[in-house]
Amino acid sequence: MAITLYNSINRQKEEFVPIEPGHVGIYVCGPTVYGPPHLGHAKSYITFDVLVKHLRHSGLTVRYVQNITDVGHLTDDADSGEDKIQRQARIDHVHPWEIVDKWTRQYMNDMEKLRIAHPNFYVRASQHIGEQIEAVQKLVEKGHAYEVNGNVYYEVESFPEYGKLSGRRLEEQKEGVRVESRSDKKNPRDFALWKKAEPGHILKWNSPWGEGYPGWHIECSVMATKYLGNTIDIHGGGLENKFPHHECEIAQSEALNDAPFCRYWVHNNMVTVDGIKMGKSLGNFRTCEDLLTSHSPEAIRAFVLTTHYRSPSNYTEEAISAAASGLSRLSQLQTALLEIIEKNVSAGTADNEAEKLCGEVDAKIRERLDDDIDTPGAIATLYSFVTEVNRFISASALSARVAAAILTVVKEWGSEVLGILPAVSNKTDVDIAPIMQMLIELRQEMKDAKKYDVADAIRNRLKDAGILIEDTRDGVRWKRI
RNA sequence: GGCGGCAUAGCCAAGUGGUAAGGCGAAGGUCUGCAAAACCUUUAUCCAUCGGUUCAAAUCCGAUUGCCGCCUCCA
């Protein structure tokens, strides 16, 4: 079945057809590295992580490029704002590149912990200054941009299709625009391609227009087309970037290359906390680092993925705890299946039924993800599969062979594509395994002697030490909690 | 003011014309020395409200109300 994606530019689900059969080029707007990665970043990058993994799992070769914005974005508007990175550097009394370096590392770190696959490569704005200058020059030559006092602006009027992504028409906006004082733009809607460096500005480069730095949008146009071609298959990013950022990217790229910039625009919705937008100024944002101290990466992913990417995720402690609880059934199943495999059970009365179910579930999950990455639907399918398989296990009706087949399906989607199934950790516990074996035997002796207080004490003390003992019909099981 | 989106049980959340998936929580039960895990049963006569189209609507259309995002950097 074909993969469909909701294409923001046409506002409808469309069948995804790559330009070059079998190959996909995807560009996703990355973070501006001046502060800690937060849940909003997590939602966006987990979304695109699943999209890319699903495309690959479907047999496509994907080149996934993500940028790291390490220069230029401003706190305010083009004329009066301050470089966010530079401002943070001033506050911290360090060089701007220390800020960039610190938060880039933190970002990479957090993303890795969240089981987000590294894009094929990251691209940095600061490493493409030359290309950006060339692009700006070319835009000036083609009559789409003009220079005033060392600043270069894109002339929005020169690109009639400006607004096609966000549904804004120029005429409508003129009236609503605030009066910008001290602006040397021809039209308030024009946006900066190159900014003159004011005295004291540290991150600056030489250009035909004097010392300065690139505008906010040009880096993405330049880097996306440099690595993925003039027309890219998929461009992803947060909804809030639709306007003006993505709109400007289109205007620049299409004016520059005379080719459609992007075929499928994919925008993820935002994260709210207790129903309110998460933002620094509101003091309610949750960093990935904080979240990871109290929740597993899988729980965070499950929380994010149980909401469709185009709907807002509302963060509450209850919601993320519920996600974690649901997940424990999945890991529990994994453990149970491994036990059956280990015991090498030869035949099961439910084998046929279970094998059939495997095929159905596999197809259903694929269908859900094919349908505009319906991760909530995929997870629901996986969870009801868990219940059905547990029923077979309760009836001791599975062979090792079929248990392995089930495990393959569970891991394929739960671990490889969705990334919500934790890895089995007992391998790392080989060192304490003999000790555990001794304690379990000792406790069994106490139980046999009906010394339940001692047996329970052993169990309780182990629990305090972070190890959970479970008596099952097939023996004692232990795991770290 | 302009543009866009959303409203489904206590909570989270699918379903986009054929009569309400799944998870969490809660209650009861099975198993167990007890716990845990697992399984079984129950938990929305109804999908914000009001109209309309249709044999049939949570699903399409219109209006109303509420919430959210963008319109200045933001995932």
Side-chain angles (χ1 to χ4, degrees), chain A residues 8 11 13 28-32 34-35 37-48 69 72-84 163 166-169 172-173 175-178 180 216 236-245 267-272 275-281 285 302-303 306-308 310-314 316 318-329 332-333 335-336 368 374-387 389-395 447 450-453 455-456 459-460 463 468-473 477 479:
Chain A
S8 300
R11 286 171 207 171
K13 280 187 200 172
V28 172
C29 283
T32 303
Y34 71 105
H38 51 67
L39 231 200
H41 295 104
K43 168 148 175 136
S44 187
Y45 304 127
I46 288 170
T47 294
F48 293 109
T69 296
H73 280 205
L74 304 178
T75 53
D76 204 319
D77 63 46
D79 295 324
S80 60
E82 184 181 14
D83 184 320
K84 281 191 286 203
S166 54
R168 290 155 208 264
R169 282 173 294 281
E172 281 174 359
Q173 290 173 56
E175 296 158 37
V177 160
R178 289 195 311 261
E180 289 188 45
W216 338 325
L239 193 59
E240 84 288 350
N241 276 329
K242 208 163 156 185
F243 187 90
H245 187 56
H267 289 105
N268 63 276
N269 213 129
M270 316 298 282
V271 174
T272 56
I276 299 161
K277 183 194 171 176
M278 185 174 75
K280 262 191 165 175
S281 54
F285 77 109
F303 163 73
T306 46
T307 302
H308 188 85
R310 282 191 286 117
S311 299
S313 293
N314 185 29
T316 60
E318 197 188 355
I320 199 158
S321 300
S325 302
L327 227 44
S328 71
R329 302 178 66 239
Q332 200 72 36
L333 176 71
T335 308
R368 288 331 308 146
D374 176 15
T375 54
I379 290 173
T381 306
L382 195 58
Y383 280 179
S384 53
F385 185 47
V386 170
T387 302
V389 172
N390 274 330
R391 188 180 301 143
F392 296 143
I393 293 175
S394 292
K447 282 172 68 177
K450 300 225 188 298
K451 289 183 181 169
Y452 294 121
D453 51 339
D456 289 351
R459 187 171 63 196
N460 291 337
K463 192 178 177 189
L468 188 69
I469 296 285
E470 291 175 359
D471 296 329
T472 72
R473 195 185 304 170
R477 180 191 288 168
K479 66 177 178 183

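- Under the 30°/60° scheme for interplanar angles, the aromatic rings of A:His41 and A:Tyr45 are found to lie parallel.
- Here the separation of B:U49 from B:U8, taken at their P atoms, is 10 Å to the nearest Å.
- In this entry the distance linking CZ of A:Phe385 with P of B:G22 reads 16 Å, nearest Å.
- Across the P atoms, B:C60 and B:U16 are found 9 Å apart, a figure rounded to whole Å.
- Rounded to an integer number of Å, the gap from A:Asn241 CG to B:C74 P is 5 Å.
- Of all heavy-atom pairs between A:Lys479 and A:Glu470, the closest is CE-OE2, 4.1 Å.
- Across all strands shown, nothing is found opposite B:C73 as a Watson-Crick or G-U wobble partner with both distances under 3.5 Å.
- By the criterion of a centre-to-centre distance under 5.5 Å and near-parallel planes under 30°, the ring of A:Tyr383 forms no stack with the base of B:G22.
- Side-chain contact between A:Thr47 and A:Thr375 is absent, with no heavy-atom pair separated by less than 4.5 Å.
- When both pairing distances are held under 3.5 Å, B:A57 makes no Watson-Crick or G-U pair with any nucleotide shown.
- Taking 4.5 Å as the limit, some side-chain heavy atom of A:Arg329 sits within range of a side-chain heavy atom of A:Thr387.
- With a cut-off of 3.5 Å on both pairing distances, B:U19 has no Watson-Crick or G-U wobble partner at all.
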Enumerate the protein-to-nucleotides 6-16 of chain B contacts in which both atoms are nitrogen or oxygen and the separation is below 3.5 Å.
| residue | atom | partner | partner atom | Å |
| --- | --- | --- | --- | --- |
| B:A13 | O3' | A:Thr306 | O | 3.4 |
| B:A14 | OP1 | A:His308 | N | 3.1 |

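- Pair check for B:C6 finds B:G66; Watson-Crick or G-U wobble, both atom distances under 3.5 Å.
- Rounded to the nearest Å, the gap between the P atom of B:C61 and that of B:U54 is 16 Å.
- Atom name C1', nucleotides B:C31 and B:C46: the rounded distance is 37 Å, in whole Å.
- In this structure, B:G25 and B:U43 make a Watson-Crick or G-U wobble pair, each of the two defining distances being under 3.5 angstrom.
- Counting any heavy atom pair closer than 4.0 Å across all strands shown, A:Val271 reaches a base atom.
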Next on the checklist: Apply side-chain contact (heavy atoms from CB on, under 4.5 Å) to residues A:Tyr34 and A:Thr69 and explain how you reach the verdict.
Outcome noted: CA-CA 9 Å; A:Tyr34 71 105; A:Thr69 296; over 6 Å; no
Protein-nucleic acid N or O pairs under 3.5 Å, nucleotides 34-38 of chain B:
| residue | atom | partner | partner atom | Å |
| --- | --- | --- | --- | --- |
| B:C34 | O2 | A:Arg459 | NH2 | 2.6 |
| B:C34 | N3 | A:Arg459 | NH1 | 2.9 |
| B:C34 | N3 | A:Arg459 | NH2 | 3.3 |
| B:C34 | N4 | A:Asp471 | OD2 | 2.9 |
| B:A35 | N6 | A:Asp471 | O | 3.0 |
| B:A35 | N1 | A:Asp471 | N | 3.1 |
| B:A35 | N3 | A:Arg459 | NH1 | 3.0 |
| B:A36 | O2' | A:Glu470 | OE2 | 3.4 |
| B:A36 | N1 | A:Asp471 | O | 3.0 |
| B:A37 | O2' | A:Gln332 | NE2 | 3.2 |
| B:A38 | O3' | A:Asn390 | ND2 | 3.0 |
| B:A38 | O2' | A:Ser394 | OG | 2.8 |

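- Atom NZ in A:Lys43 sits about 12 Å away from atom C1' in B:G69, given to the nearest Å.
- Distance noted for atom C1' between B:A48 and B:A57: 16 Å (whole Å).
- In this structure, CD1 of A:Ile320 is placed 15 Å from C1' of B:G23, rounded to the nearest angstrom.
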Item to check | Step-by-step side-chain contact (heavy atoms from CB on, under 4.5 Å) determination, A:Leu468 to A:Arg459 | outcome: CA-CA 7 Å; A:Leu468 188 69; A:Arg459 187 171 63 196; over 6 Å; no
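- Among the heavy atoms of the strands lying under 4.0 Å from A:Gly40 is at least one base atom, whether or not backbone atoms are also near.
- The minimum heavy-atom distance between A:Thr307 and A:Ser313, with the atom names listed, is CB-OG, 3.7 Å.
- Residues A:Arg368 and A:Gly377 come closest through the heavy atom pair CG-C, 3.7 Å.
- No hydrogens or angles considered: nothing links the side chains of A:Ser311 and A:Asn269 as a donor-acceptor pair under 3.5 Å.
- If you take NZ of A:Lys242 and C1' of B:G69, they are 10 Å apart, rounded to a whole angstrom.
- A:Asn269 places its CG atom 8 Å from the C1' atom of B:C68, with the value rounded to the nearest Å.
- Rounded to whole Å, the distance from CE on A:Met270 to C1' on B:C73 is 12 Å.
- Nucleotides B:U45 and B:A21 place their P atoms 13 Å apart, quoted to the nearest Å.
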Next on the checklist: For A:Leu333 and A:Ile393: C-alpha separation, side-chain torsions, deciding distance, then whether side-chain contact (heavy atoms from CB on, under 4.5 Å) applies.
Outcome noted: CA-CA 9 Å; A:Leu333 176 71; A:Ile393 293 175; 3.7 Å; yes
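- With both ends at atom C1', the span from B:U19 to B:U59 equals 12 Å, rounded to whole Å.
- Following rounding to the nearest Å, A:Leu239 (CG) and B:G69 (P) show an atom-to-atom distance of 11 Å.
- Using a cut-off of 4.0 Å between Lys/Arg side-chain N and Asp/Glu carboxylate O, A:Lys447 and A:Asp471 are scored as salt-bridged.
- Between the P atoms of B:A58 and B:G51, the separation comes to 15 Å (whole Å).
- Of the two residues near RNA chain B, A:Ala380 and A:Pro31, the one whose nearest nucleotide lies more 5' is A:Ala380.
- Which of B:G4, B:A75, B:G25 sits closest to the side chain of A:Arg11 comes down to B:G4.
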